[in-house]
Amino acid sequence: MASKFQVPRGTRDILPGESERWDRLESSTRDVMSRYGYREVRTPIFEATDLFVRSVGEATDIVRKELYTFEDRKRRSLTLRPEGTAPVVRAYLEHSLGQADPLARLYYIGPMFRYERPQAGRYRQFWQIGAELLGPAAPAADVEMIDLFCSILRSAGLDEIKVHVNSLGDATCRPVYRERLREYFTAQSERLCGDCRERLKTNPLRILDCKVPSCQPVIAGAPSVLESLCDPCREHFDAVRAGLDALGISQETAPRLVRGLDYYTRTLFEAYASQLGAQNAVGGGGRYDELVRELGGPATPAIGFSIGMERLLMSTGPIDLAQPARPDVCVVAREPSATWEALKFARSLRNVARYDAKDALRVMVDPSGRNASSQLKWAAKVDARYAVFVPADPDGHPVRDMRAGKDEAKQESAESLRRWLLEHPAPEEAPR
Ligand code: HAM
């Protein structure tokens with residue numbers, strides 16, 4: 001049943017069977033965030049273009065090539081958000097969140113947009129989980145953030161997480177490093193790709209992030225940032241590493257790690273999943289001590305991360321689209337005149353007035369007006385555990401175990417069936 005319309009290039013539909021996994025990932029994320037005291041912020045999907053130009057950085061690939069920018073009817077330049085940090089900082093300043101809590105702990109879950117070349121794990125609309133901690137400058141904040149990052153990944157089912165960490169230095173020592181890099185790469189410029197020669201003029205640090213194979217040997221020989229750190233930055237980085245060790249977080253120092261956004265200072269980190277290949281981080285983040293001031297606020301150190309949800313889901317299991325709905329019960333109307341009773345019986349079984357996830361039964365009805373045997377066939381197709389028939393016989397409602405193909409004791413009412421079902425939970429079943 002192909003239609004003449006298809007999803008736009010680089011985007012995808014999340015269908016039943018997969019959407020349940022998304023739902024579980026969002027629930028486990030919200031749970032972990034809340035245990036660490038992080039609270040959700042939901043910002044608009046588009047913002048003033050200038051917000052991203054000024055934060056992510058004019059010379060970055062994201063701003064130069066990947067923004068979805070449009071003018072609205074009043075000719076304002078707006079951009080679909082390519083990332084979540086700048087919008088969170090904008091909201092933090094706009095609503096003075098730092099006054100309510102000088103250690104503002106915020107998180108978000110939502111779609112981001114980048115006009116990238118689509119490939120496995122790289123989309124033009126993708127989802128991120130992100131957290132930001134605004135206020136503290138001390139290394140313990142970096143350690144908390146990386147610990148939270150690992151807890152989210154672990155709660156989603158990713159084991160054996162090794163975090164790559166680096167320090168980019170600050171306004172004192174980074175210019176020194178940038179100059180050293182410029183000298184080194186200028187001497188090697190014939191071996192660099194066209195983009196990197198351009199980067200040599202705008203920001204030689206960007207070259208370290210180049211994925212073109214012929215640039216890799218040149219990058220491998222580049223001077224390490226760690227040799228250029230000033231004393232305060234070195235002490236900060238050593239303290240972060242010591243803190244990670246103290247918490248038992250497995251880490252690897254990666255002196256050539258840089259990230260595609262310009263707002264970072266000092267600590268940078270990333271995690272990879274073996275299923276994604278070495279180039280695709282499942283998530284990453286870092287410190288951005290200057291960004292709040294650059295966006296017009298008071299000097300406020302901050303640190304955060306984002307995790308790509310598609311990448312996390314790809315690395316924690318196969319995507320199975322063929323899952324049926326699997327209700328606990330299908331209510332079967334034995335004759336057309338019992339249709340309303342079937343709907344009412346189903347509603348009683350669902351017991352939605354008293355919402356409690358533990359007691360939630362999934363109950364479905366075939367509303368198409370077909371006869372009882374067709375309704376039963378449909379119940380088998382959606383892999384229902386039980387079918388219950390209305391109206392009742394004089395001694396109760398017949399109940400059929402659909403998977404075992406046998407009849408159970410009749411039930412007097414929806415309430416008694418509900419109690420009975422809760423006492424007879426389904427045997428181990430793939431989570432849905
Ligand atoms: P980022 O490294 O640009 O950082 O993105 C974070 C994660 O988003 C990546 O590691 C990846 O998993 C996912 N991601 C990025 N682009 C794509 C894409 N085109 N398709 C699929 N997944 C993608 C940031 O966005 C920063 N805001 C992180 C941060 C928060 N730093 C401080 N606070």
Side-chain angles (χ1 to χ4, degrees), residues 9-12 14 25 38 41 43 47 51-52 55-57 60-63 65-68 80-92 104-134 141-142 144-146 148-149 152-153 156 158 161 163-166 168 206 209 211 257-273 275-292 295 300-316:
R9 191 166 143 74
T11 68
R12 51 196 298 278
I14 298 164
L25 175 57
Y38 284 69
V41 44
T43 64
E47 299 269 356
L51 174 68
F52 299 115
S55 56
V56 173
T60 58
D61 281 357
I62 297 181
V63 166
K65 309 184 198 161
E66 298 172 4
L67 294 185
Y68 276 94
L80 297 184
R81 60 182 185 196
E83 61 104 47
T85 308
V88 167
V89 172
R90 200 254 322 122
Y92 169 85
R105 289 180 161 89
L106 303 167
Y107 81 86
Y108 52 88
I109 299 177
M112 307 292 157
F113 304 85
R114 296 183 192 173
Y115 190 84
E116 292 200 75
R117 192 201 305 246
Q119 49 183 269
R122 182 161 304 151
Y123 303 99
R124 291 183 173 170
Q125 172 172 334
F126 59 96
W127 284 67
Q128 278 187 349
I129 290 164
E132 314 290 345
L133 168 52
L134 296 108
D142 309 38
E144 171 179 302
M145 202 32 102
I146 295 173
L148 170 62
F149 177 67
I152 302 252
L153 294 175
L158 201 68
I161 304 152
V163 186
H164 291 220
V165 286
N166 193 18
L168 266 193
R206 281 271 93 74
D209 208 16
K211 305 285 188 266
L257 172 65
V258 284
R259 299 185 27 74
L261 305 108
D262 272 353
Y263 48 61
Y264 291 118
T265 50
R266 292 193 164 173
T267 314
L268 285 186
F269 55 96
E270 266 184 3
Y272 305 85
Q275 295 84 335
L276 294 175
Q279 292 189 354
N280 281 338
V282 65
R287 207 167 243 298
Y288 50 96
D289 291 343
E290 305 300 331
L291 182 59
V292 179
L295 294 180
T300 310
I303 181 159
F305 66 77
S306 313
I307 293 169
M309 292 174 72
E310 287 83 357
R311 292 191 191 174
L312 181 51
L313 287 166
M314 281 165 67
S315 48
T316 51

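Remember, it's 1-based here, ligands and their atoms both numbered in the order they're listed.
- Residues passing the side chain to side chain donor-acceptor pair (under 3.5 Å) test with Glu144, sequence neighbours excluded: Tyr38, Arg105.
- Of the N and O atoms on the side chains of Glu270 and Tyr272, at least one donor lies less than 3.5 Å from an acceptor on the other residue.
- By the 6.0 Å and 45° rule, Arg12 stacks over the aromatic ring of Tyr123.
- Under the 4.0 Å criterion applied to side-chain N and carboxylate O atoms, Glu47 and Arg90 are assigned as salt-bridge partners.
- You'll find the side chain of Thr265 stays beyond 4.5 Å of the side chain of Leu168, heavy atoms only.
- Listed by chain and residue number, the protein contacts of ligand 1 are Glu83, Thr85, Arg114, Glu116, Gly121, Arg122, Tyr123, Phe126, Gln128, Glu132, Arg259, Leu261, Tyr263, Tyr264, Ala281, Val282, Gly283, Gly284, Gly285, Gly286, Tyr288, Gly304, Phe305, Ser306, Gly308, Arg311 (heavy atom within 4.0 angstrom).
- No donor-acceptor pair closer than 3.5 Å links the side chain of Arg287 to the backbone N or O of Tyr264.
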